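We use all heavy atoms of the structure for the numbers below, so side chains are in, but hydrogens, waters and symmetry mates are not. Everything quoted here is computed from the prediction, not taken from an experiment. Atoms within each ligand, like the ligands themselves, are counted from 1 in listed order.
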Amino acid sequence: MVGKIEHIGIAVKDLDAANEVYSKLLGVEPYKSEGVESEGVMTSFFQTGVNKIELLAATNSDSAIAKFIDKKGEGIHHIAFHVDDIYAEMDRLRKEGFVLLNEEPKMGADNKLICFVHPKGTHGVLVELCQERK
Ligand code: CMX
């Protein structure tokens with residue numbers, strides 16, 4: 001079973017500028033900034049109560065974030081759901097006919113194992129599964 005929303009990912013052009021805006025908006029500074037080289041992104045994370053927001057900026061033009069912004073502009077990029085057992089959930093979703101964008105879970109930001117589900121099968125929303133790394 002898929003659990004609570006772990007975070008919402010927002011694609012931005014300029015991470016410093018977006019950090020300033022979101023710090024003002026949420027009334028809190030980012031608690032972490034982290035690059036994920038394999039994804040070509042730099043991220044920052046904000047915690048507001050139980051909610052977590054991830055800002056994502058591209059670090060190269062091949063990055064999924066660069067392509068997304070070129071096509072759609074800045075905005076909500078993905079919704080990530082917490083899962084206890086990412087292997088079991090990937091197996092379940094495959095059997096349900098969803099297209100997984102990763103064969104195996106991969107390392108994501110903020111100490112998570114992650115897997116993406118193609119937005120074409122989820123009514124236009126890129127979904128991420130997220131398991132805390134033990
Ligand atoms: N949400 C909704 N739709 C999206 C999307 C997103 N985030 N990204 C792309 N799409 C749509 C495009 O609009 C396009 O739709 P149309 O065919 O209707 O025009 C379609 O998906 C294909 O898009 P594309 O630009 O041709 O891009 P690709 O097919 O090369 O890649 C995707 C799309 C989702 C497979 C790719 O972005 C991907 O693998 N994403 C997962 C990895 C990722 O997003 N990494 C960055 C975040 C990492 C992190 O959180 O740490």
Side-chain angles (χ1 to χ4, degrees):
M1 194 187 84
V2 163
K4 72 174 178 97
I5 290 180
E6 212 284 329
H7 66 266
I8 292 176
I10 299 176
V12 303
K13 287 184 185 162
D14 177 335
L15 195 58
D16 290 338
N19 276 339
E20 261 189 53
V21 170
Y22 274 81
S23 297
K24 277 188 208 153
L25 178 74
L26 304 174
V28 66
E29 297 290 316
Y31 69 87
K32 181 185 257 194
S33 187
E34 192 179 341
V36 185
E37 207 176 313
S38 61
E39 297 289 325
V41 296
M42 181 58 81
T43 67
S44 60
F45 286 90
F46 293 81
Q47 184 85 47
T48 57
V50 294
N51 301 316
K52 217 161 97 179
I53 300 290
E54 177 185 27
L55 301 182
L56 303 120
T59 54
N60 65 60
S61 55
D62 289 335
S63 156
I65 298 301
K67 287 188 193 158
F68 177 85
I69 288 177
D70 276 353
K71 210 163 210 176
K72 294 181 185 266
E74 294 181 296
I76 293 182
H77 177 258
H78 64 262
I79 298 182
F81 292 94
H82 168 84
V83 294
D84 286 329
D85 181 346
I86 196 165
Y87 291 93
E89 281 311 307
M90 287 172 68
D91 204 32
R92 186 180 70 80
L93 294 181
R94 259 191 217 107
K95 285 182 182 142
E96 292 284 6
F98 291 94
V99 175
L100 304 187
L101 292 166
N102 312 99
E103 274 300 309
E104 293 288 323
K106 59 197 277 190
M107 272 306 298
D110 212 21
N111 199 37
K112 298 286 189 295
L113 281 175
I114 63 170
C115 172
F116 286 94
V117 183
H118 203 291
K120 287 288 168 198
T122 55
H123 297 263
V125 176
L126 178 62
V127 169
E128 179 183 348
L129 306 178
C130 255
Q131 183 196 306
E132 191 79 34
R133 242 174 113 227
K134 310 252 157 53

Does a salt bridge link Glu74 with Lys13, judged by any charged N lying under 4.0 Å from a carboxylate O?
-> no
Inter-residue atom distance Lys106.NZ - Glu39.CD, 0.5 Å rounding | 3.5 Å
Which distance, rounded to the nearest 0.5 Å, do you find between the CD of Glu54 and the CG of Asp110?
->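 Taking CD in Glu54 and CG in Asp110, the distance rounds to 8.0 Å.
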Hey, which of Val99, Leu93, Asn102 is the one that makes side chain to side chain contact (heavy atoms under 4.5 Å, CB included) with Val117?
-> Leu93
Describe, in one word, how the ring planes of His78 and Phe116 are oriented to each other, choosing from parallel (under 30°), tilted (30 to 60°) and perpendicular (over 60°).
-> perpendicular
Taking the six-membered ring for Trp, are Tyr31 and Phe45 parallel (under 30°), tilted (30 to 60°) or perpendicular (over 60°)?
-> tilted
Give a table of atom pairs where an N or O of ligand 1 lies under 3.5 Å from a protein N or O.
residue, atom, partner, partner atom, Å
ligand 1, 7 (N), His77, O, 2.9
ligand 1, 7 (N), His77, NE2, 3.4
ligand 1, 15 (O), Lys120, NZ, 3.4
ligand 1, 17 (O), Lys120, NZ, 3.3
ligand 1, 18 (O), Lys120, NZ, 2.8
ligand 1, 25 (O), Lys71, NZ, 3.4
ligand 1, 45 (N), Glu39, OE1, 2.6

